[in-house]
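Structure record follows, encoded as structure tokens.
Per chain, numbering begins at 1; letters A, B, ... match sequence-line order.
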Amino acid sequence: MNNSESGFRHGVAGNYAFFLCILAAAPASAASSENDVAPLNYFLHSYGPASTPTMVLGWVFAALLIAIFSSIALLLVWAVFRKRPAVDPRSIGREDEGMPWIYIGTGISTGILFALAIYALITLNAIANPTHAPALTLTVTGYDWWWKVEYEDDDPTRSFATANEIHIPVGQPVLVKLKSADVIHAFWVPMLAGKTQMIPGLANQQWIQADVEGVYGGQCTQYCGVQHAHMSLEIVAQSEDEFRTWQDAQRGEAEMTAGINAGKSLFLDRCAGCHAIRGTEAVGAHAPDLTHLNSRRLIAAGLLTNTPDHLAQWITHAQDLKPGARMPSMALTATELNALSAFLSTLN
Amino acid sequence: MKDVDQSTPDVSLSRIPEVGFAPIGSPAERRLAELWESAPGWRGWLSTVDHKTIGMRYLVTAFIFLLMGGVEALIMRLQLARPDQTLLTPEQYSQLFTMHGVTMIFLYSLPILSGFSNYLWPLMLGSRDMAFPRLNALSYWIFLFAGIFLYASFPLGEAPNAGWFNYVPFAGLEYNTGPNIDVYALGMVLLGISTTVGAINFIVTLFRMRAPGMSIDRVPILVWGTLTASVANIFAVPSVSLAFFLLWLDRQVGTHFFDVLNGGKPLLWQHLFWMFGHPWVYAVVLPAMGIVSDALPTFCRRPLVGYSAVALSTMATMLLGFGVWIHHMFATGLPTLALSFFSAASMVISIPSAVAVFAWLATIWLGRPVFNTPFLFFAGFVILFVIGGLSGVMTAAVPLDLQLNETYFIVAHLHYVLLGINVFPVVGGIYYWFPKFFGRMMNEALGGCRINRASLPT
Ligand SMILES: [Cu+2]
Ligand SMILES: [Cu+2]
């Protein structure tokens, strides 16, 4: 799976394959991980046990329902155009004939519906809980319009927070607790699991598991305001070792190299009310934690790739790039921006 | 007029319908004319209580709202034609898609059916007018006022903007400070009054003012559809009126029904909204299905197959329709057992629909169809009905819905349902009853063009 560049863009190849497979009615192996898979193509692709049973259920439903639709459409066309025996044109049919149509048609439909309902409930049971206890628990909180991701630890110094990018070990169930800081959002990573709403005042949760390493796109799927469309996230599934390395790095505080004091004090002055950088006095809790800003691939919940240019643009023009976002466009002189950029570039 | 039918049971607190004959020129006849005739001039135009006039006004007004909703949809599609277009600001887009939903669902799909029923109900039942003609006029004027009220917010840039589903807390004062949501809340309370009053009127007319001999097994299916829809409205509308009223109190008076910090429950909104929302779906399709069941047989030159089965399935749909609202809330984190129950119920509800589909198929099969324009609309309707219904079965399965919920799949499903099951029968019905409405036939050649146009985007 190498969709790290694709974001939420539609894979033309994926769509084409979709139609081919519909025609062949026998979708090929879903885990062809070399393909550039469109993140919304959950009809043909699934990478974990929380979503694969649903995908298969989808195939069965789609196949049966398409068959039913075709039969009814055929019957209708046939009924409309069939040759009729010559009868007295003034006669009208008897009111009580034709009942077998209703008995047989409804009978067959009822049988199929019951079978589908039972299959759906079995599937629901299969995806409700992981087969073994989750290896990792993390909390995702929806904010207007970004995601706070918290990795808790019994030892508070080992807990850390990040934003919009969730790392998980491959092949392990992960429990995701879902909260909201403001309005209702919904957490959805279609390749790994269905969606769950994040409702203020309620503690929801769901589990996900990725069996193939890769980057999986996610998106808020409950309309939550003007920038709802720009509220996406990424799940990075890594080998156990890589994940541990990443986790240890994230636990560390920001390292303060020499020569960045101008930028740092500017940050503490202008940005610390909202943002936190562990290892400094900046402890703002209602904006993305920037301690390891440069470890993230995207900024502003998937809006831009994380490059020094984009960062500078974002800081000075947040309201043009993401109108309504809860970060103001900061008025900075060129010198200030340079100092700030130099400081931010150390946050690895 | 004293020869009142004495066989009518004497129920206290109710008026016994007077059945009799008033000879031309008699004082009784003059009294009737005075009572029922609309006064001439603009005052008469405004104060008329004639059900045919009111029915026609419903049809025309709802049709205008349909056009407005259509224009909104076109503007949205223009914005979405390419990624990252800037035709609309996000705020304008939010208002547009909210008003599109509000318009199509509340200002078009039910009112248009009220129009048909208002016009045809007394004619079909053989009563002089609706039971409460003035109430009938009131319900139209409130509907019109609510529609204008909602639309007046548009030019001010303050139209409802939280989606037609209007979830809190996003629709609460904290996140939505403008008058947008207050407009929506008051508009909905008004529409609720209009719908409830209208529903009571239909029910009373049916039960108290049918012509003698119009027994329950002879009323047209449209009457069954409107009756079940009206009963459903009486039970469902209070839920949504309450929800909007509580929201308005939260916003204007400072109560805390949905305010999390003070123990309010955002999920309560979803329950109240969908307890109304799902039965409402059936309220806007059952009368339309009735139009097909009544009119399709004409073009098949035979009676409807399975009249009783279809009438019963109409009732069954409505009863079951009150027990499935959670299928709009599968992703809210409710316990699996609750989800299973509502999932099964949502699948069972397609059984009565299957009855109707096979009754229509059998009617066409056994009949000798003539391909007039209404027939084409009704045949197209059957296809769209099946697509809408089957896609609904997919979303009734919880695991699938957890993927499909809030995606274009749902958008497609509901448009098949509303366009297929409401718009197609309505247009077919207008062709069918046009001679009755206006005293002349419509042009068949043009009709053929129109059905082609209508089917294209679907
Ligand atoms: Cu959102
Ligand atoms: Cu529903």
Between [X] and [Y], is any pair of side-chain heavy atoms under 4.5 Å apart?
{"X": "B:Leu267", "Y": "A:Ile199", "result": "yes"}
{"X": "A:Ser51", "Y": "B:Gln403", "result": "yes"}
{"X": "A:Leu121", "Y": "B:Phe341", "result": "no"}
{"X": "A:Pro53", "Y": "B:Pro399", "result": "no"}
{"X": "B:Leu400", "Y": "A:Thr54", "result": "yes"}

At a 4.5 Å cut-off on heavy atoms, which part of [X] comes close to chain A: side chain, backbone, both, or neither?
{"X": "B:Ala359", "answer": "both"}
{"X": "B:Val260", "answer": "side chain"}
{"X": "B:Tyr93", "answer": "neither"}
{"X": "B:Leu261", "answer": "neither"}
{"X": "B:Val310", "answer": "neither"}
{"X": "B:Phe170", "answer": "both"}
{"X": "B:Gln95", "answer": "neither"}
{"X": "B:Asn176", "answer": "neither"}
{"X": "B:Phe375", "answer": "side chain"}
{"X": "B:Thr407", "answer": "side chain"}

Region of [X] in contact with chain B, defined by heavy-atom distances below 4.5 Å:
{"X": "A:Ile184", "result": "both"}
{"X": "A:Tyr42", "result": "side chain"}
{"X": "A:Leu202", "result": "side chain"}
{"X": "A:Gln206", "result": "neither"}
{"X": "A:Ser109", "result": "side chain"}
{"X": "A:Ala193", "result": "backbone"}
{"X": "A:Leu124", "result": "both"}
{"X": "A:Asp182", "result": "both"}

Taking side chain to side chain contact (heavy atoms under 4.5 Å, CB included) as the criterion, tell me which of A:Leu65, A:Leu64, A:Ile72, A:Ile66 meets it with B:Leu390.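 Result: among A:Leu65, A:Leu64, A:Ile72, A:Ile66, A:Leu65 is the only option passing the side chain to side chain contact (heavy atoms under 4.5 Å, CB included) with B:Leu390.
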Looking only at atom types and distance, does a side-chain atom of A:Arg84 sit under 3.5 Å from a main-chain N or O of B:Leu366, one as donor and one as acceptor?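 Between the backbone of B:Leu366 and the side chain of A:Arg84 there is no qualifying donor-acceptor contact (under 3.5 Å).
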For A:Asn204 and B:Thr332, indicate whether the former's side chain and the latter's backbone hold a donor-acceptor pair under 3.5 Å.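 Judged by distance alone, yes, a pair lies under 3.5 Å.
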Distance (rounded to the nearest 0.5 Å) between A:Ile122 CD1 and B:Ser340 OG: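 Reported to 0.5 Å precision, the distance equals 11.5 Å.
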Spatial distance of atom OG (B:Ser391) from atom CZ (A:Phe69) [nearest 0.5 Å]: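 That separation rounds to 10.5 Å.
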Residue list, side-chain hydrogen bond (donor to acceptor under 3.5 Å, both in side chains) with B:Thr314, at least two apart or on another chain: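 B:Thr314: no side-chain hydrogen bond (donor to acceptor under 3.5 Å, both in side chains) contacts found.
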Can you confirm whether [X] is buried at [atom1], in the sense that more than 12 heavy atoms of other residues, nucleotides or ligands lie under 6.0 Å from that atom?
{"X": "A:His286", "atom1": "NE2", "result": "no"}
{"X": "B:Arg218", "atom1": "CZ", "result": "no"}
{"X": "A:Lys179", "atom1": "NZ", "result": "no"}

Closest heavy-atom pair and its distance - [X], [Y]:
{"X": "A:Val183", "Y": "B:Pro169", "value": "CA-CG, 3.9 Å"}
{"X": "B:Phe358", "Y": "A:Ile102", "value": "CB-CA, 4.2 Å"}
{"X": "A:Leu57", "Y": "B:Ala397", "value": "CD2-CB, 4.4 Å"}

Chain A interface, residue from B:Ser353, B:Gly163, B:Ser94 that has the most non-hydrogen pairs under 4.5 Å: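 Most heavy-atom pairs within the cutoff with chain A belong to B:Ser94.
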Please rank B:Lys265, B:Met394, B:Arg368 by heavy-atom pairs under 4.5 Å with chain A and give me the top one.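 Max contact count across the listed options: B:Arg368.
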Chain B interface, residue from [options] that has the most non-hydrogen pairs under 4.5 Å:
{"options": "A:Ala126, A:Ala186, A:Cys224, A:Ala203", "value": "A:Cys224"}
{"options": "A:Gln222, A:Met99, A:Gln227, A:His228", "value": "A:Gln222"}
{"options": "A:Ile108, A:Leu76, A:Leu75", "value": "A:Leu76"}
{"options": "A:Thr196, A:Leu116, A:Leu113, A:Ile127", "value": "A:Leu113"}

Pairing residues for A:Phe81 by the ring-ring contact (aromatic ring centres under 6.0 Å, His included) criterion, not counting sequence neighbours: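 Partners of A:Phe81 by the ring-ring contact (aromatic ring centres under 6.0 Å, His included) criterion, ordered by chain and then number, come out as B:Phe371.
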Can you check side chain to side chain contact (heavy atoms under 4.5 Å, CB included) on B:Met329 and A:Gln197, steps first, answer last? CA-CA 9 Å; B:Met329 300 167 60; A:Gln197 287 185 6; over 6 Å; no
Determine whether the aromatic ring centres of residues A:Tyr223 and B:Phe97 are separated by less than 6.0 angstrom.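 So the answer is yes for these two rings.
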Give the ring-plane orientation class for B:Trp365 versus A:Trp101, where under 30° counts as parallel, over 60° as perpendicular and anything between as tilted.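 The rings of B:Trp365 and A:Trp101 sit tilted, inter-plane angle from 30° to 60°.
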